[in-house]
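Letters go in sequence order (proteins before strands), and every chain restarts at 1.
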Number of protein chains: 2
Amino acid sequence: MKSPSQPRDRGIPEATVARLPLYLRALHGMAERGVATVSSEDLAVAAGVNSAKLRKDLSHLGSYGTRGVGYDVEYLVYQISRELGLTQDWAVAIVGVGNLGRALANYGGFVSRGFRIAAVVDADPEVVGDTIAGLNVEHIDDLEAVIKRRGVSIVVLATPAAAAQEVCDRVVTAGVTSILNFAPVVLSVPDGVDVRKVDLSIELQILAFHEQRKAGGPLMAVDSQ
Amino acid sequence: MKSPSQPRDRGIPEATVARLPLYLRALHGMAERGVATVSSEDLAVAAGVNSAKLRKDLSHLGSYGTRGVGYDVEYLVYQISRELGLTQDWAVAIVGVGNLGRALANYGGFVSRGFRIAAVVDADPEVVGDTIAGLNVEHIDDLEAVIKRRGVSIVVLATPAAAAQEVCDRVVTAGVTSILNFAPVVLSVPDGVDVRKVDLSIELQILAFHEQRKAGGPLMAVDSQ
DNA sequence: CCGACTTTGTGCACCGGTTCACAAAGGGAT
DNA sequence: ATCCCTTTGTGAACCGGTGCACAAAGTCGG
Ligand SMILES: NC(=O)c1ccc[n+]([C@@H]2O[C@H](COP(=O)([O-])OP(=O)(O)OC[C@H]3O[C@@H](n4cnc5c(N)ncnc54)[C@H](O)[C@@H]3O)[C@@H](O)[C@H]2O)c1
Ligand SMILES: NC(=O)c1ccc[n+]([C@@H]2O[C@H](COP(=O)([O-])OP(=O)(O)OC[C@H]3O[C@@H](n4cnc5c(N)ncnc54)[C@H](O)[C@@H]3O)[C@@H](O)[C@H]2O)c1
């Protein structure tokens with residue numbers, strides 16, 4: 001059955017970490033359809049990657065496959081979940097409950113992955129006190145207290161750009177070391193704090209670049225005036 | 001040898017393209033504050049990158065700097081904008097006007113970068129006919145007609161995962177070759193079609209991985225943006 | 001007009017990540 | 001038990017990207 005789980009390499013490449021959630025999603029789908037084992041080739045197709053890459057990624061977690069057969073779906077789901085830290089529950093706070101913050105708070109897709117929205121915080125007196133996604137909107141003045149009380153370890157920043165750095169500083173001081181930032185600013189944080197940014201405007205600009213190239217190619221206005 | 005500043009090598013590295021919007025944002029801020037010229041060092045700090053990397057990135061567009069002085073802010077804004085295709089107006093359609101689609105439609109940050117929301121489309125009869133962000137919500141049955149009529153060249157997919165591939169196929173058939181996908185599925189598209197995906201759930205899982213590691217072992221995680 | 005100073009543009013070594021290709025491992029059939 | 005077939009796990013070449021370090025290019029004060 002399972003080979004003696006060899007000591008997992010503590011240094012998993014960042015690129016691999018970024019793909020594990022993709023494999024996990026594909027595996028969940030297969031488990032639901034009753035698939036018991038899957039080959040690297042099939043899983044790779046489902047996840048949209050190269051099969052050699054997938055095998056190398058999984059090999060970083062240990063030798064969980066069986067040659068000639070493939071990988072046990074349930075077992076792999078468990079191993080990847082554990083590696084990503086999804087066997088525990090993460091308390092997430094959303095700061096800034098405007099257009100975007102509301103959409104995130106109401107999204108059900110997070111809970112199903114072990115991320116529980118534990119608090120929503122805003123500065124606008126009109127909004128504070130409202131109930132969003134079943135949660136009472138707390139005042140930004142109580143940010144530190146809320147983080148401590150709810151055991152928040154991940155903060156989602158959805159405030160206007162101008163407020164992002166200040167809020168960031170405060171949550172970091174409060175002990176948070178994982179931040180997902182939607183505001184279009186470069187946040188500066190001390191070492192040891194992870195910031196991941198999602199910038200939709202940048203995504204569109206990258207698409208526009210390629211679209212322009214497809215359409216006109218280098219034949220666009222070449223003035224130099 | 002070559003003539004003075006001319007559009008250089010047409011093959012701009014993907015990593016460079018992804019950073020140009022970052023430089024552009026920093027430059028816009030500087031222009032607003034009345035800064036006329038900027039050194040690679042200062043701009044790099046503002047954009048959160050290494051200065052050598054910034055210079056190499058800009059060198060792909062041409063020789064737009066002046067040694068001993070730096071870069072002319074306005075001129076650089078123009079050059080980067082042109083390279084990214086932001087000197088023209090892009091018509092964007094949002095398909096799926098739920099939590100997320102609404103937030104996107106109401107967001108002002110796109111228009112300011114040359115992206116005009118030209119249409120919003122949904123399948124729900126309850127929603128079709130409503131006005132969102134000043135636009136009439138069109139029916140998904142009219143998808144192809146709307147794309148043609150409004151000259152849409154970029155589609156944002158914000159439908160449930162189950163509907164994403166079908167909608168994707170239709171917009172591709174309608175001639176769209178640039179898609180920004182928020183649904184947690186791997187889209188399959190023909191060659192020549194660009195798909196960029198934004199998966200917030202994956203971002204949280206990556207944060208959780210590092211968070212778990214920080215809490216557990218003696219190994220320190222490094223920050224990344 | 002010159003020489004000191006600043007900053008660009010890039011050659012080069014390096015590094016993480018990708019892909020190919022194949023030996024080794026395991027299962028199943030006979 | 002042995003052979004054949006499938007599929008893993010990985011060595012090694014390769015590739016794009018990064019960052020150091022510096023010569024070249026340009027500014028500016030005198
Ligand atoms: N909505 C989008 O689709 C979208 C897309 C890309 C980027 N963004 C970015 O995401 C962020 C939020 O966007 P939005 O559309 O939800 O904006 P919004 O204006 O609708 O919401 C911002 C919310 O933050 C609150 N806020 C302001 N200052 C605060 C503070 N100091 N502390 C706590 N809360 C504070 C406001 O009261 C408001 O409720 C912005 O930075 C925006 O640039 C949004
Ligand atoms: N809301 C979030 O914060 C969030 C976060 C991460 C990912 N996502 C993903 O983004 C997508 C949208 O999320 P949401 O929260 O807005 O969901 P939602 O259910 O609120 O909205 C989906 C909308 O799509 C419409 N729709 C359904 N089928 C359609 C079809 N065939 N054609 C056109 N429209 C159709 C529905 O009528 C609905 O209005 C989902 O795939 C979700 O997984 C959302």
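- For Arg55(A) and dA23(C), the CZ to C1' distance is 13 Å, given to the nearest whole Å.
- The backbone N or O of Pro184(A) sits nowhere less than 3.5 Å from a side-chain atom of Lys197(A) that would complete a donor-acceptor pair.
- Remark: side-chain polar atoms of Trp90(A) are not paired, donor with acceptor, to backbone N or O of Ile117(A) under 3.5 angstrom.
- Taking the six-membered ring where the residue is Trp, the centroids of Phe110(B) and Tyr107(B) are separated by under 6.0 Å.
- The distance between atom CD1 of Ile12(A) and atom P of dG17(C), rounded to the nearest whole Å, is 12 Å.
- Taking every side-chain heavy atom of Lys53(A) into account, dT19(C) is the closest of dC20(D), dT19(C), dG9(C).
- Judged by atom type and distance alone, Lys56(A) reaches the base of dT19(C) through a side-chain donor-acceptor pair under 3.5 Å.
- Side-chain atoms of Tyr71(B) lie closest to dG9(C) of the nucleotides dT10(C), dG9(C), dA21(C).
- Rounded to whole angstrom, the span from the CG atom of Leu76(A) across to the P atom of dT8(D) amounts to 11 Å.
- Tyr23(B) pairs by the side chain to side chain donor-acceptor pair (under 3.5 Å) definition with Arg19(B), Asp57(B), not counting sequence neighbours.
- Within 4.0 Å of Ala15(B), counting heavy atoms only, lie sugar-phosphate atoms of the nucleic acid but no base atom.
- With 3.5 Å as the limit, one finds a donor-acceptor pair spanning the side chains of Arg55(A) and Ser40(A).
- Between the P atom of dT8(C) and the CG atom of Asp57(B) lies a distance of 14 Å, rounded to the nearest Å.
- Contact of Arg67(B) with dT8(C) (side chain to base): a donor-acceptor pair of N or O atoms is detected under 3.5 Å.
- Ranking dT27(D), dA21(D), dG9(D) by closeness to the Ala52(B) side chain, first place goes to dA21(D).
- When the C1' atom of dT18(D) is taken as reference, atom CD of Glu14(A) falls 16 Å away, rounded to whole Å.
- One can place CG of Leu58(A) at 11 Å from C1' of dG9(D), the figure rounded to the nearest angstrom.
- Residues of residues 19-48 of chain A that place a heavy atom closer than 4.0 Å to DNA chain C, in numerical order, are Arg19(A).
- A ring-ring contact (aromatic ring centres under 6.0 Å, His included) with Tyr64(B) is found for exactly one of Tyr78(B), Tyr75(B), Tyr71(B), namely Tyr75(B).
- If you take NE2 of His60(B) and C1' of dG11(C), they are 13 Å apart, rounded to a whole angstrom.
- Looking at Glu41(B), its side chain never comes within 3.5 Å of a backbone N or O of Ser51(B) through a donor-acceptor pair.
- In this structure, the CG atom of Asn50(A) is 9 Å from the P atom of dT18(C), given to the nearest Å.
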